[in-house]
Amino acid sequence: MFDSVFLDIPPLQAAGGTVALPGSKSISNRVLLLAALCEGTTRVHDLLDSDDTRVMLDALRALGCGVVHAGSSIEITGIGPFGRNPASPFGLSLSKPAPALRQAQGEREAATRLFLGNAGTAMRPLTAALALMGGEFELSGVPRMHERPIGDLVDALRTLGCRIDYLGTEGYPPLRIHPAQALQLDQPIRVRGDVSSQFLTALLLALPLVARRDVVIEVTGELISRPYIDITLNLLQRFGIAVRRDGWQRFTIPAGSRYASPGDVHVEADASSASYFIALGALAAEPATPVRIEGVGEASIQGDIRFVDAARQMGARITGGANWLEVARGSWPLKAVDLDCNAIPDAAMTLAVMALYADGTSTLRNIASWRVKETDRLAAMATELRKLGASVNEGADFLRITPPAQWRAAAIHTYDDHRIAMCFSLAAFNPAGLPVRILDPKCVAKTFPDYFEALFSVARTPAPRIPVLCLDGPTASGKGTLASEVAHRLGYHYLDSGALYRVTGVAATRAGFALDAAHEQQIAHLAATLPVRFAGGRVLVSELDVTDAIRTEEAGMNASRVSALPAVRTALVALQHSFRRLPGLVADGRDMGTVIFPDAPLKVYLTASAAQRAERRHKQLISKGISTTIATLRADLEARDLRDSSRAVAPLKPAQDALLLDNSSQTVDASVAQVLQWWDGKQAFAGQQ
Ligand code: DC
């Protein structure tokens, strides 16, 4: 996952290949709650692993559910069944009460506190379920969650006899839930349907708990986001609850309904997440090499799958099967559209970015619900689309978008909203060849922690467009530490080229070669076929961890010897070039800026004094329990500097266009900040934050 402050996406040009998408958030959290309310164990396969499902799992654990990870599935043991018990105030008891519920039988006792982050799909249904179950609970979330309305659901639950208090602002979480007094189930329960369909979903999921008689829900106002209700009804069916639906106004939970675990449940891939890759195919995939999406097909139960129709209208060429889709460019530029997006509220954000590539002005209508999502999405989308150069008309419930006459490089604010981060990444296909900066890219963790990795696995751009930052300096100048930290802060790959020579030296020694011209060709062959991999700070050769073995003094000497063989240097060129991958690279070592990546936009050469380097190395060695003197170390370093800078092959010297950084008396943090400042100065959106 990219946990940097920002992620710069270089201009992208093409796409193709296969992506497997994470599970649907809407299905995952509904299935988790249903599994929790049933008797017995439910094995949930392909569950989405993200912030929103994590808070739900934490909540279920706190309520006493069994949660066991078993490979790629999760086993949930429910806290049901809920049988009749005349002694309980509203005719309910738990035959095997969860500890949290048991301890919370009386109001005097402390409440069970549940923190639900920014997950509406956890907050709303849990409010309903816990209010009906009985017990003392406090439900809270992040500050934005406390701005997302829940009043209509609370009103509906209160008319039933549930007792719920607002702990902050009326109508919004956090909430305190007390045991209900007596439930009034003889009248239809009215709930508003025009703010969030999650209120109705919450009631539908929770009311089977108390369906001793037919329970009727009546929706007031026009029900929005109907496809999400379809998901709810579909999943209830799988858990044994057959809700009767009369139009979209009246829903009846039949008397005697009881949750029954289906045993195993497979979670479909997220159709909203698929929208980014459908758009990607429509923007940039050749028909012969389409973007293939696995885990969800056109027959999906998720409403957002209808994004497929909208994308087709804009020109996408889409084929599919039961659980896959293939997408390529059809019409180009895309065709402008005027669409009612009520049925695909989340995926419609992707249409807004596709509209940047259309042949005219597009209008997305009936999207008022955007205002109460992770952020006010109508305002946010308008603001960020304008930054790219588009003309945008923001209405109360619509967005009208005219593509940029002239594209601009922009730093996109993401408002802690995963979908804004994901859909704006598609602006990197702009015809002006400009990069896009996504601020706070880790917000995608809400539903798709590896979104950018998935994007970069199927997006392509010519190598010269992938930025490289080169860092070099004499031995013990701290360049490795600096380079890997800079790479981390930019979310870039890191190439420690010295390690390649060290690995080659180790491999050549093990093969019994003399490390000189006598075996130059054999060592070069070894180097050209090195099965080396860098993973999580470790260096692996054919899956053998050689991280420590290549760091010895002897390995350093051997590396120095093989690095002086021209054929070996040539053999490693292709491998080093292969590290230039999206979104960018920090390359550390001798000839990075001169031979391997001469076109790198920034080259930095460290010039710490020998005295300072000797002192640092001394501290390092002492801390490892190796005794030595500063004077000896300094003499060694000076001798090595001389040898390195005077050798014929790849001598140690700054690239002509390198910026010099004397880090003798600087902390690593200060050096990192300096390099990042230089880097930022080279970017198209310099100064935008
Ligand atoms: O940076 P280091 O100490 O890990 O490098 C090991 C040896 O390899 C050192 O002698 C310099 C040499 N080297 C090189 O010749 N070219 C590079 N790009 C990187 C390292």
Side-chain angles (χ1 to χ4, degrees), residues 468-487 493-509 515-517 520 523-524 526-528 530 532 534 537-541 546-580 585-598 600 603-608 610 613-614 616-617 620-621 633 636-655 658 663:
V468 182
L469 192 164
C470 296
L471 249 161
D472 197 10
T475 186
S477 59
K479 66 183 160 66
T481 313
L482 177 59
S484 64
E485 183 56 25
V486 168
H493 300 281
Y494 169 49
L495 166 58
D496 171 3
S497 61
L500 301 183
Y501 289 98
R502 288 171 181 265
V503 169
T504 305
V506 168
T509 313
L515 306 186
D516 54 30
E520 182 167 350
I523 301 173
L526 253 183
L530 269 183
V532 66
F534 295 84
R538 314 301 295 174
V539 185
L540 307 170
V541 178
V546 298
T547 319
D548 298 326
I550 64 166
R551 286 291 145 209
T552 64
E553 275 305 298
E554 191 194 345
M557 285 304 299
N558 291 341
S560 175
R561 290 167 70 191
V562 295
S563 74
L565 303 170
V568 174
R569 299 201 77 82
T570 308
L572 284 173
V573 169
L575 177 58
Q576 293 176 91
H577 281 165
S578 75
F579 279 80
R580 189 173 199 166
L585 174 68
V586 176
D588 144 11
R590 194 58 41 89
D591 53 354
M592 293 299 101
T594 47
V595 177
I596 308 294
F597 303 111
K603 301 165 190 176
V604 176
Y605 189 85
L606 298 179
T607 61
R613 286 185 280 138
R616 283 191 204 146
R617 175 67 49 99
Q620 246 176 23
L621 293 176
L633 285 171
D636 281 355
L637 285 176
E638 282 172 340
R640 192 151 158 200
D641 284 355
L642 186 66
R643 227 181 23 244
D644 280 356
S645 48
S646 57
R647 76 181 197 186
V649 179
L652 172 68
K653 67 166 196 295
N663 66 341

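We count ligands from 1, going down the list as the structure has it; atoms in each ligand are counted the same way. Any value given below was found using the heavy atoms of this structure, including those in side chains, with hydrogens, waters and symmetry copies removed.
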Please report the closest heavy-atom contact between Phe597 and Gln576, naming both atoms and the distance.
CZ-O, 3.4 Å
Is a salt bridge present between Arg617 and Asp636, judged by a nitrogen-to-oxygen distance below 4.0 Å?
no
Closest non-hydrogen protein atom to atom 16 (N) of ligand 1, residue and atom name please, with distance?
Arg569 NH2, 2.9 Å
Just need the protein heavy atom nearest to atom 7 (C) of ligand 1, so name the residue and atom and give the distance.
Ala559 CB, 3.7 Å
Taking 4.0 angstrom as the limit and counting only heavy atoms of Ser560, give me the atoms of ligand 1 inside it, by number and element.
10 (O)
So which protein heavy atom does atom 1 (O) of ligand 1 come closest to, and at what separation?
Lys479 NZ, 3.1 Å
Candidates Arg502, Met557, Arg561, Met592; heavy atom nearest atom 2 (P) of ligand 1 found on Arg502
Atom 19 (C) of ligand 1: the protein heavy-atom neighbour that sits closest, reported with distance to 0.1 Å
Ser497 OG, 3.3 Å
Atom 11 (C) of ligand 1 [closest protein heavy-atom partner, distance rounded to 0.1 Å]
Arg590 NH2, 3.4 Å
For a quick test of reading the model, state the closest non-hydrogen atom pair linking Leu515 to Ala508 and the distance between them.
CD2-CB, 3.6 Å
Nearest atoms (heavy-atom pairs only) where Ser477 meets Asn663
O-ND2, 3.0 Å
Close approach, Arg647 and ligand 1, non-hydrogen under 4.0 angstrom:
yes
Distance (rounded to the nearest 0.5 Å) between Asn558 CG and Arg502 CZ
10.0 Å
Quick check: closest heavy atoms across Tyr605 and Lys653, and the distance to 0.1 Å?
CE1-C, 3.9 Å
Please state whether Asp591 comes within less than 4.0 angstrom of ligand 1, counting heavy atoms only.
yes
Where is the nearest protein heavy atom to atom 12 (C) of ligand 1: which residue, which atom, and how far?
Ser563 OG, 3.7 Å
Between Asp496 and Arg551, what is the shortest heavy-atom contact and its length?
OD2-NH2, 3.0 Å
The closest protein heavy-atom partner of atom 13 (N) of ligand 1 is Tyr501 CD1, 3.9 Å
Nearest-contact summary for atom 20 (C) of ligand 1 - protein heavy atom, Å:
Gly498 CA, 3.5 Å
How close do Ala499 and Ile550 get, heavy atom to heavy atom, and via which atoms?
CB-CD1, 4.0 Å
